[in-house]
Amino acid sequence: TYVPLYDLVLKRILPIKRVEMRLLVDKQEKYLPQKPVSPAFHDVDELISHLKNYPYYVEEKVNGFHFIAIKSDNDVKVYTEDGKDMTKHLPTFVKEIKKLSSVNFSIDGELFIVENGVQKGRADLIKFVTQKEIPDDKNVHAKVWDITFYKRDLKNLALRVRKQYLKKLHFTDRIKEVRTKFCETEKEVRDAINSMSKIKYSEGAVVKEADSTYSPGKKISAWLKYRNYLYFNLHVLKVIKNEAGNYNYLVGVKACLLYT
């Protein structure tokens, strides 16, 4: 006995039908950055008590302006952390982005201004990007800590894998990879936080699980921030509205007389 089978016949279709065939590739889209959970820690021991999933990366906390840069072929867009397009304010910086790689990519990092060898803070850059006229951006620099796209989407990959993709970029004098240490023990994390906090112009350190993935627009507990700030209780003396529609504050600190 046997089971009858059917022949498969290739037959030309007339009239000829045009069929479009194309290769589907990952498409880059604008996104909001992933951030460390808030608030920041001010005590190293307290931060370390929250670490559960070793190993970790410890990065310097750059005092600047969080940005996303997306390169698609010869087009580059630079966005603020809340999604505002600031590309037009950064014509020469865009050229620097293009030097990083010939392939399509998306990076996550911090912008800052350097004038006469001195790194300026976040306030200087905010003033810069809110100008109505296109300013000279030759002093704008960046440090990059993450890459979410390199020929394809990388967000579902572990941070330790994304860091390897980050090494593929050809960093320049104006765009560099953020200083980072890989830590497998509590002592290594503690030493790295102290080391990163002592870097000139550093705000502290960011501690990230090596196996953490990237969720756009989310604040995740796998990333923790340490700030080495010195805090004061200030009194607002005057509120001043600027031309950009934002507000500046004149503040004062209460004087104390110490007697011995």
Side-chain angles (χ1 to χ4, degrees), residues 23-41 44 46-62 64-72 76-84 97 100-101 103-111 142-171 175-186 188-190 192-193 196 203-227:
L23 178 65
L24 297 177
V25 296
D26 285 326
K27 181 181 178 182
Q28 295 192 86
E29 295 181 350
K30 174 184 173 182
Y31 63 96
L32 297 179
Q34 175 172 287
K35 298 181 180 181
V37 69
S38 297
F41 291 87
V44 175
E46 184 181 1
L47 184 150
I48 288 178
S49 70
H50 286 75
L51 303 183
K52 308 296 181 185
N53 301 309
Y54 285 84
Y56 285 87
Y57 286 100
V58 178
E59 301 169 351
E60 65 171 306
K61 177 69 180 71
V62 183
F65 198 84
H66 198 159
F67 80 100
I68 294 288
I70 300 175
K71 176 185 175 293
S72 297
V76 172
K77 294 291 185 183
V78 184
Y79 300 100
T80 65
E81 62 184 355
D82 54 0
K84 294 181 180 178
I97 291 288
L100 299 181
S101 179
V103 307
N104 293 343
F105 62 86
S106 298
I107 53 175
D108 193 346
E110 200 90 356
L111 293 176
K143 289 188 178 180
V144 179
W145 57 72
D146 214 331
I147 183 166
T148 59
F149 193 101
Y150 187 89
K151 295 184 181 180
R152 65 185 184 93
D153 190 81
L154 307 177
K155 298 183 189 71
N156 289 328
L157 300 181
L159 177 60
R160 67 169 84 209
V161 179
R162 300 200 306 276
K163 290 284 190 183
Q164 295 305 310
Y165 276 93
L166 197 59
K167 298 292 185 184
K168 295 177 180 290
L169 300 182
H170 306 292
F171 289 106
I175 305 176
K176 299 179 180 181
E177 184 178 0
V178 74
R179 278 174 276 198
T180 306
K181 290 189 177 181
F182 182 74
C183 304
E184 298 183 281
T185 66
E186 177 182 315
E188 289 177 345
V189 171
R190 185 187 302 277
I193 291 175
M196 294 299 174
E203 290 185 319
V206 183
V207 182
K208 301 177 179 179
E209 289 183 14
D211 291 318
S212 60
T213 55
Y214 197 103
S215 300
K218 300 289 183 65
K219 292 185 177 182
I220 63 168
S221 58
W223 290 11
L224 302 177
K225 183 165 52 179
Y226 168 76
R227 287 187 182 273

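Reckoned from all heavy atoms, side chains included, excluding hydrogens, waters and symmetry mates. This structure is a prediction, so every number in the text was calculated from the model and none was measured.
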Given 3.5 Å as the limit, does a donor-acceptor pair link the side chain of Lys163 with the main chain of Trp145, or not? yes
Heavy-atom check, side chain of Val62 versus side chain of Glu203, under 4.5 Å: no
If you draw a 6.0 Å radius around NZ in Lys176, do more than 12 non-hydrogen atoms from other residues or ligands fall strictly inside? no
Geometric class of the Tyr150/Tyr165 ring pair [parallel <30°, tilted 30-60°, perpendicular >60°]: tilted
Using a 4.5 Å cut-off on heavy atoms from C-beta on, say whether the side chain of Leu169 contacts that of Ile107. yes
side-chain contact (heavy atoms from CB on, under 4.5 Å) for Glu81 and Leu32? Distances and angles first, verdict last. CA-CA 6 Å; Glu81 62 184 355; Leu32 297 179; over 6 Å; no
Taking every heavy atom of Ser72 against every heavy atom of Gln28, the minimum-distance pair comes out as OG-NE2, 3.3 Å
Should Ile68 and Thr80 be marked as a side-chain contact (heavy atoms from CB on, under 4.5 Å) after you check the CA-CA gap, both sets of side-chain angles, and the distance that decides it? CA-CA 6 Å; Ile68 294 288; Thr80 65; over 6 Å; no
Decide, yes or no, whether a salt bridge links Lys143 with Glu110 under the criterion of side-chain N to carboxylate O below 4.0 Å. no
Please name the pair of heavy atoms, one in Ser101 and one in Lys71, separated by the smallest distance, quoted to 0.1 Å. O-CE, 3.2 Å
As an exercise, state the distance from CG of Leu154 to CD of Gln164, rounded to the nearest 0.5 Å. 12.0 Å
Pair Glu59-Lys208, salt bridge (charged side-chain N to carboxylate O under 4.0 Å, His left out): steps then yes or no: CA-CA 8 Å; Glu59 301 169 351; Lys208 301 177 179 179; 2.9 Å; yes
Cation-pi geometry met for Lys168 and Phe105 (6.0 Å, 45°): no
Do the non-hydrogen side-chain atoms of Gln34 and Ile220 ever get within less than 4.5 Å of each other? yes
With rounding to the nearest 0.5 angstrom, report the CD1 to CD distance, Ile48 to Glu46. 11.0 Å
Where is the tightest heavy-atom contact between Cys183 and Ala192, given as atom of each residue plus distance? SG-CB, 3.7 Å
Just by distance, do the side chain of Thr180 and the backbone of Val178 share a donor-acceptor pair under 3.5 Å? yes
Rounded to the nearest 0.5 Å, how far apart are CZ of Phe149 and OH of Tyr31? 10.5 Å
Is any side-chain heavy atom of Met196 less than 4.5 Å from a side-chain heavy atom of Lys181? yes
For Ser212 and Trp223, test the side chains for any donor-to-acceptor distance below 3.5 angstrom and give the result as yes or no. yes
Within the 4.5 Å heavy-atom criterion, are Lys61 and Arg227 side-chain neighbours or not? yes
Contact between Pro33 and His66 at the side-chain level, heavy atoms closer than 4.5 Å - yes or no? yes
Strictly by side-chain hydrogen bond (donor to acceptor under 3.5 Å, both in side chains), give each pair with a member in residues 47-58 just once, sequence neighbours left out. Asn53-Glu209
Suppose we screen for salt bridge (charged side-chain N to carboxylate O under 4.0 Å, His left out). Which residues come up paired with Lys167, at least two apart in sequence or across chains? Glu177
Contact summary for Phe67 and Leu111, nearest pair of heavy atoms: CD2-CG, 3.5 Å
Does any non-hydrogen side-chain atom of Val144 lie less than 4.5 Å from one of Leu100? no
May I have all residue pairs that pass salt bridge (Lys or Arg N to Asp or Glu O under 4.0 Å) and include part of residues 211-222, sequence neighbours excluded? Arg160-Asp211
To the nearest 0.5 Å, atom NZ of Lys77 lies from atom CD1 of Ile70 at 10.0 Å
Among Ile193, Val58, Val206, which residue meets the side-chain contact (heavy atoms from CB on, under 4.5 Å) test with Tyr226? Ile193
Which atom of Asn156 lies closest to which atom of Thr213, heavy atoms considered: O-CG2, 3.4 Å
Kindly determine whether Leu166 and Asp146 satisfy side-chain contact (heavy atoms from CB on, under 4.5 Å), including the steps that lead there. CA-CA 7 Å; Leu166 197 59; Asp146 214 331; 5.9 Å; no
Less than 4.5 Å apart, any side-chain heavy atom of Ile147 and any of Asp108? no
